[in-house]
Amino acid sequence: MGEAPSVIARWRRPAGLGIVLLAFALRAAGLAAQELRGDEAFGYFFSLRPLPDMVNATFELREPHPLASYVLQQQWLAWAGSSEYALRFTSLWFGVLAVALLGRLAWRLALPHPVSLLGMALLALSPYAVWHSQDARMYSMSLALTLASTWLALEWLSRRRWPWGLAYVAAGWLALHTHYFGGFVLLAQSLFVALRVWSLPRPWRTLGGWVALQGLLALLYLPWLLPAAAIVTGYGGNGDSPGLTAATQRALSVFAVGESAPATQRVWWAGLAAALLFIGVLRLARGGPNRRPAAWLLLLYLATPLLATWVSAQSRPIFNERYLVAAAPPFFLLLAAAVALPTQPGWRRIASLASVALVALLTAGMVASLHRHHNDPTYSKTRGWRALATALARYSASLPADQVRVAQNFPDPTLWYYYTGPVDHIVLPPAPHDTAGAAATAQALASAGVTRVLLPVQPAANWDDAGIAQAGLAGRYRLAATATAGVWPLEVYVTPPASMQSLDATFANGLQLNGFAIQPAAPTAGDLLVLFLAWRRAGATLAGTEVVFAQLLDGAGQLAAQDDRPLAEASEAEAGLYAIPLPKALPGGVYRLIAGVYDPAQTGAPRVALLTGGDHIVLAEIESRPARYAHPHSR
């Protein structure tokens, strides 16, 4: 891109401010729309600890990230509250700050005003940057701090005054306390200084001053690094170990259009980004002595973190696109540098138009990716936690809190954020693949008088990959019902009754109903009314296709709720179990609970008559209460 026209120079500051405001708008829009993912919830609970406990927990739990973002979040949430919007707002703020800092870095690199503004606009629009600005983690903070340290490094090189040097050390120290991989950007800065210093006046003095700054930074960081070194080198990672080509393709694709692009398109977006990067480096390198330092810095700034992350992933599965966030700023400045205004004739004009078209195509891809991020559930972070929390409140509202437990077959802290009701949580199995522990926990629950266990079944290959939770509960509990809550099956387990009310009812086919039990005695709308029926089949003439119906009738005799299950599911050894789901809008009042038998194999599915007359038994009158639970995830 050639020298900016005078109109761009005059409007550079207002345009930059407009881009910063655009960045804020894009990051604030839908900030709390998507539910928290597991890492966000973990960060929230981790930040609730007092600072000494937070430090100790980092080393005890081998938490792979340092503390700066947790400490900041703790202070912020004490003032702003713990809503999803508040949790993510600090990331939003650092994401917007990064856009402003990118403009400052471009100015210090003496890039033309159009390049600076376009680079800022691309970062503001970037789906990758927007995603991390709407994520309550440290990555957006790492992006801004490493960008600030790079700008301050250049300021110090230009001015060589100690206030700038101390500001650089402070930014670098905070960056290292935010994410360990921020050190890769500091390495890139030192490589640039090693190349650049010889073209500056008094190079040895400048080099000595830089080494002193790095020594001061190391000295300040050493008290943390020494005890954390085992974590940094021993962290097993939650990514993979791709080859260099695959890692490069993934990095360029995610920088270009984020992770909301279809997988089949990503290689093409990576290729487009690679072409624009090549053009951008070439234009800066051919731009004379005032542009070549910018080409070197941006190339080192981009390549060093990418290569260092890739190398570190060869011995452990640690390559993850989110760890590359500090390398994003040079990517967008190089893309902007690839664009040249079509002011020259001939083939140069065609090349300039082509570069403009390529960046326009990439921008269209960003817009489409942002649209998918906000509107396509396929690309949302997580789904269903709010619905699950509400379902847990419904299925526990009819019982005292000490008689219910929420069991998770994987210790995902996200549920603990969304469900804030009075029922306690347990993890089942209590340790990975702990079959004996699951059985012992179920035994302890039953002994403690817990009559209902709510189990949202989550995929958990590394914790429960063989139905260990269900098998453990089956020893003391019976599965009453399975509902869909959010995106998970929610299984409701209940204890068999210690005793049953006697009943003497005989059907025309000889089937006898000898007893029943109801749980709970006064159910709440939206909950389950669990009914146990004791059947005796001896001497009965059965076709094997009979079905038991259990119904709740209102005062006018109209059906309010029911559950039908095959009689064959009930055995002589244990009572048949029937779970009547009560409508969420069921009015409070007195209802009649009836039961009977019919045979759907017979024409018209006639009910089986009783010897005493009638086709059903009135078991009890049930007083239902209206729904009284609030959204447990409201904060």
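The chain is numbered in sequence order, starting from 1. Keep in mind that the numbers below use all heavy atoms, side chains included, and drop hydrogens, waters and symmetry copies.
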Exercise for review: State whether the number of non-hydrogen atoms from other residues, nucleotides or ligands found under 6.0 Å of Arg536 atom CZ is greater than 12.
Suggested key: no
Review point. Are any non-hydrogen side-chain atoms of Leu87 and Arg137 less than 4.5 angstrom apart?
Key: no
Revision key, fill the gap. Interatomic distance, CG@Asn509 vs CG@Asp599, rounded to 0.5 Å, equals 9.0 Å
**Study point:** Arg394 (side chain) donor-acceptor with Gly526 (main chain) under 3.5 angstrom
**Key:** yes
Check your understanding: Are Glu259 and Arg266 within salt-bridge range, i.e. N to O under 4.0 Å?
Key -> no
Point to revise | Salt bridge present between Glu84 and Arg386 (N-O < 4.0 angstrom) | key: yes
Practice item. Mind checking ring pair (Phe, Tyr, Trp, His ring centres under 6.0 Å) for Tyr591 and listing every partner two or more places apart, or none if nothing turns up? Key: none
Check your understanding: Does Gly544 offer a backbone N or O that forms a donor-acceptor pair with the side chain of Glu546 under 3.5 Å?
Key -> yes
**Study point:** Distance flag, aromatic centroids of Trp416 and Trp385, threshold under 6.0 Å
**Key:** no
Review point. Ring centroid separation for Tyr417 and Tyr44, is it under 6.0 angstrom?
Key: yes
Point to revise | Test applied, side-chain contact (heavy atoms from CB on, under 4.5 Å); reference residue, Thr451; option that passes from Leu399, Val494, Val530, Asp402 | key: Leu399
Check your understanding: Can you check whether Leu552's main-chain N or O pairs, donor with acceptor, with Arg592's side chain at less than 3.5 Å?
Key -> no
Review point. For Leu473 and Glu491, what are the C-alpha separation, side-chain angles and deciding distance, and is it a side chain to side chain contact (heavy atoms under 4.5 Å, CB included)?
Key: CA-CA 11 Å; Leu473 289 170; Glu491 297 180 349; over 6 Å; no
Review point. Relative to the ring of Phe410, is the ring of Trp463 parallel (under 30°), tilted (30 to 60°) or perpendicular (over 60°)?
Key: perpendicular
Review point. In this structure, are over 12 heavy atoms from other groups packed under 6.0 Å from His433 atom NE2?
Key: yes
Practice item. Give, for atom CD of Gln74 and atom CG of Leu51, the distance between the pair rounded to the nearest 0.5 Å. Key: 7.0 Å
Point to revise | Side chains of Val367 and Leu125 in contact at under 4.5 Å (non-hydrogen atoms) | key: yes
Review point. In terms of heavy-atom contacts, does CD of Gln265 have more than 12 from other residues, nucleotides or ligands at under 6.0 Å?
Key: yes
Point to revise | Basic-acidic side-chain contact under 4.0 Å: Lys381, Asp135 | key: yes
Point to revise | Check: Ala575 main-chain N/O paired with Trp535 side-chain donor or acceptor under 3.5 Å | key: no
Exercise for review: Rounded to the nearest 0.5 Å, what's the gap from CD1 on Ile580 to CZ on Phe549? Could you check?
Suggested key: 11.0 Å
Check your understanding: Is any side-chain heavy atom of Tyr379 less than 4.5 Å from a side-chain heavy atom of Pro262?
Key -> yes
Point to revise | Test: Arg452 and Asp527 ion pair at under 4.0 Å | key: yes
Exercise for review: Would you mind checking if Asp412 and Arg37 are paired as a salt bridge, meaning a charged N to carboxylate O distance below 4.0 Å?
Suggested key: no
Review point. So, do Tyr323 and His179 have ring centers that fall under 6.0 Å from each other?
Key: yes
**Study point:** Electrostatic pair Asp53:Arg49 at N-O distance under 4.0 angstrom
**Key:** yes
Review point. Which atom names give the shortest non-hydrogen contact between Asn409 and Ala469, and what distance separates them?
Key: CB-CB, 3.9 Å
Check your understanding: Counting only N and O atoms by type, is there a donor-acceptor contact under 3.5 Å from the side chain of Ser140 to the main-chain atoms of Ser91?
Key -> yes
Practice item. Verify, without hydrogens or angle tests, whether Ser369 (side chain) and Val257 (backbone) share a donor-acceptor contact under 3.5 angstrom. Key: yes
Check your understanding: Does any non-hydrogen side-chain atom of Tyr419 lie less than 4.5 Å from one of His425?
Key -> yes
Check your understanding: So, Thr441 side chain and Gly437 main chain: donor-acceptor pair closer than 3.5 Å or not?
Key -> yes
**Study point:** Side chain Asp434, main chain Pro430, donor-acceptor under 3.5 Å
**Key:** no
**Study point:** Student check: side-chain heavy atoms of Leu528 and Asp563 closer than 4.5 Å
**Key:** no
Review point. Angle class for the Trp79/Trp76 ring planes (parallel below 30°, perpendicular above 60°, tilted otherwise)?
Key: tilted
**Study point:** Positive for side chain to side chain donor-acceptor pair (under 3.5 Å) with Gln134, one of His373, Arg88, Gln34
**Key:** His373
Practice item. Examine Arg607 relative to Phe507 and say whether NZ or CZ is less than 6.0 Å from the centre of the six-membered ring and inside a 45° cone about the ring axis. Key: no
Review point. How about Tyr493 and Gln470: do any of their side-chain heavy atoms sit closer than 4.5 Å?
Key: yes
Check your understanding: Okay, side chain of Ser380, backbone of Pro377: is any donor-acceptor separation there less than 3.5 Å?
Key -> yes
Review point. Considering only heavy atoms from C-beta outward, does the side chain of Leu455 approach that of Val406 to under 4.5 Å?
Key: no
Practice item. Measure from the side-chain N and O atoms of Arg565 to the backbone N and O of Val547, and report whether any donor-acceptor pair falls under 3.5 Å. Key: no
Review point. Are the charged groups of Arg250 and Glu321 less than 4.0 angstrom apart, N to O?
Key: yes
Exercise for review: Determine whether Thr90 and Met141 make a side-chain contact, defined as any pair of heavy atoms from C-beta on separated by less than 4.5 Å.
Suggested key: no
